[in-house]
Number of protein chains: 2
Amino acid sequence: MTEVEKGPKGLRRGRGARERILGASRELFRDQGINCTGVDQLCTAAGVSKRTLYQHFGGKDELIAEYLRRFDPEVLPELFDRADLTPRQKLLALFDEHVPLCPFIGAAVELRDPDHPARAFARDYKHAFTARLVETARDAGAADPERLGEQLALLLDGASARSRVLDADAFVTAAAVARVLVDGALPPVSEPAELRSVS
Amino acid sequence: MTEVEKGPKGLRRGRGARERILGASRELFRDQGINCTGVDQLCTAAGVSKRTLYQHFGGKDELIAEYLRRFDPEVLPELFDRADLTPRQKLLALFDEHVPLCPFIGAAVELRDPDHPARAFARDYKHAFTARLVETARDAGAADPERLGEQLALLLDGASARSRVLDADAFVTAAAVARVLVDGALPPVSEPAELRSVS
DNA sequence: CGTTACATGCACCGATCGGTGTACTTGACA
DNA sequence: TGTCAAGTACACCGATCGGTGCATGTAACG
């Protein structure tokens with residue numbers, strides 16, 4: 001999958017194994033699930049020897065934990081930091097990208113151990129993400145930002161989970177609900193006739 | 001877990017193994033997941049020999065398929081067939097029971113094989129369930145029953161999935177959204193001051 | 001009775017999986 | 001050039017898992 005990385009000075013052969021492993025983990029864990037992805041397959045995909053993987057990560061559980069930890073500062077900013085969108089547009093644009101099943105929900109389903117470190121990461125991420133939504137809802141002038149943020153987060157999780165089973169796109173339905181909620185939460189008409197993606 | 005069943009005429013020792021196996025499957029698959037539940041553990045919980053399990057079901061995959069097939073005629077009727085509730089109340093009461101993660105979504109996450117028979121059952125069940133919601137929404141006089149039914153189904157899946165990760169109860173949030181959607185979909189005021197569960 | 005269908009108990013198999021030991025190679029840097 | 005850290009190649013281990021063979025037991029029914 002991922003080619004050998006090229007460092008700042010020419011190509012280093014096997015260096016940067018850690019990042020390649022994590023990259024392969026993201027792809028394979030997303031496509032096949034965590035339990036269904038073996039360490040050997042992971043090594044092959046990353047172009048890394050098995051020994052190297054165990055030198056970087058103490059075991060598969062630690063790799064899973066790191067795989068989940070890496071999600072924190074990535075997904076959101078691209079959308080939330082865009083200056084060309086109003087807060088209201090940001091809240092609605094969340095439903096335009098049809099993302100795969102939330103990795104944390106997937107991990108919570110696949111990992112039996114309730115004390116697995118991944119569980120804590122999952123909760124933390126969900127809280128942080130929801131907080132971001134609440135903040136944006138507040139910027140948009142929502143009457144009850146906490147409420148709206150929690151509701152939109154729920155819709156996103158629902159859409160990604162339901163899409164796993166149904167061919168019909170649950171994100172379209174979720175977007176419609178989101179529009180209803182957002183319209184209801186922003187008291188008067190905050191921005192008349194603003195640019196809105198064609199439904 | 002389950003004691004030896006007592007048939008109509010006294011206690012039969014091991015008879016009724018098939019149902020005991022399916023009962024244990026429901027419990028263990030729900031609590032531990034499918035992949036994390038071994039056949040041996042399943043047999044122990046059901047009080048059944050391993051050989052018997054393989055005589056009733058060709059293999060674990062067939063057992064999983066049958067486990068999922070059994071969901072069809074069970075969950076819904078209790079609520080949908082109640083005569084003491086108006087259609088509108090039925091739609092809202094769906095969110096009162098905080099069910100665990102939808103077994104079909106769980107299965108879709110855990111089973112890698114896209115051709116696994118479980119996938120088809122999952123789609124069929126989701127469609128049937130949504131159809132039931134649509135029908136009830138139509139009975140309630142919804143302006144766009146298809147739309148409302150699909151939206152409520154999405155909310156239920158979202159609540160069950162999100163509850164898997166968060167301690168905070170997503171069903172409360174989902175119920176609030178459902179109320180907004182239902183109120184918005186039933187044009188005038190269908191039933192003024194009807195009995196409503198305390199929020 | 002005896003028959004028959006269902007269930008048991010237990011040993012066992014092959015495959016897979018997570019993880020390790022060890023000796024070897026390679027690239028960067030001084 | 002020599003050193004050292006990072007990575008490689010490959011064999012190997014123990015545990016687990018899905019699944020099977022086979023001899024035995026037992027409840028129900030005629």
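So you know, we letter chains A, B, ... as the sequences are listed, proteins then strands, and number each from 1. The figures that follow rest on heavy atoms only: side chains count, while hydrogens, waters and symmetry mates do not.
In summary, the side chains of B:Ser49 and B:Thr52 do present a donor paired with an acceptor at a separation below 3.5 Å, with no hydrogens or angles considered.
Taking the side chain of A:Arg51 as heavy atoms from C-beta on, and the options D:dA9, D:dC22, C:dG19, the nearest nucleotide is D:dA9. The side chain of B:Tyr54 lies closest to D:dG18 when the candidates are C:dG19, C:dG9, D:dG18.
Under 4.0 angstrom from either OP1 or OP2 of C:dA7 there lies no side-chain N or O belonging to B:Thr52. Proximity of A:His56 to the phosphate of D:dG7: a side-chain N or O atom is located under 4.0 Å from OP1 or OP2.
Between B:His98 and B:Phe171, the ring planes lie parallel to each other; the angle is under 30°, not in the 30° to 60° tilted range.
Separating the CZ atom of A:Arg112 from the P atom of C:dG18 is a distance of 13 Å, rounded to the nearest angstrom. Rounded to an integer number of Å, the gap from B:Lys60 NZ to D:dG19 P is 8 Å. Here D:dG18 presents its P atom at 10 Å from CD of B:Gln41, a figure rounded to the nearest Å. Here D:dC12 presents its C1' atom at 12 Å from CG of A:Asp40, a figure rounded to the nearest Å. In this structure, the NZ atom of A:Lys50 is 10 Å from the C1' atom of D:dC13, given to the nearest Å. Between B:Ile64 atom CD1 and D:dC17 atom C1' there is a gap of 13 Å when expressed in whole angstrom units. Rounded to whole angstrom, the span from the CD atom of B:Glu19 across to the P atom of C:dA7 amounts to 11 Å. When the P atom of C:dG18 is taken as reference, atom CD of A:Glu110 falls 12 Å away, rounded to whole Å.
Along DNA chain C, the nucleotide nearest to B:Ser49 and the one nearest to A:Gly58 differ in position, and the one closer to the 5' end is contacted by B:Ser49. Where B:Gln55 and A:Arg18 each meet DNA chain D at their nearest nucleotide, the meeting point lying more 5' is that of A:Arg18.
In this structure, the separation between OH on B:Tyr67 and CG on B:Leu22 is 11.0 Å, given to the nearest 0.5 Å.
Both cation-pi conditions hold for A:Arg26 and A:Phe71: the charged atom is under 6.0 angstrom from the six-membered ring centre and inside a 45 degree cone around its axis.
Paired with A:Gln89 under the rule side chain to side chain contact (heavy atoms under 4.5 Å, CB included), one option of A:Leu91, A:Leu92, A:Thr86 passes, and it is A:Thr86.
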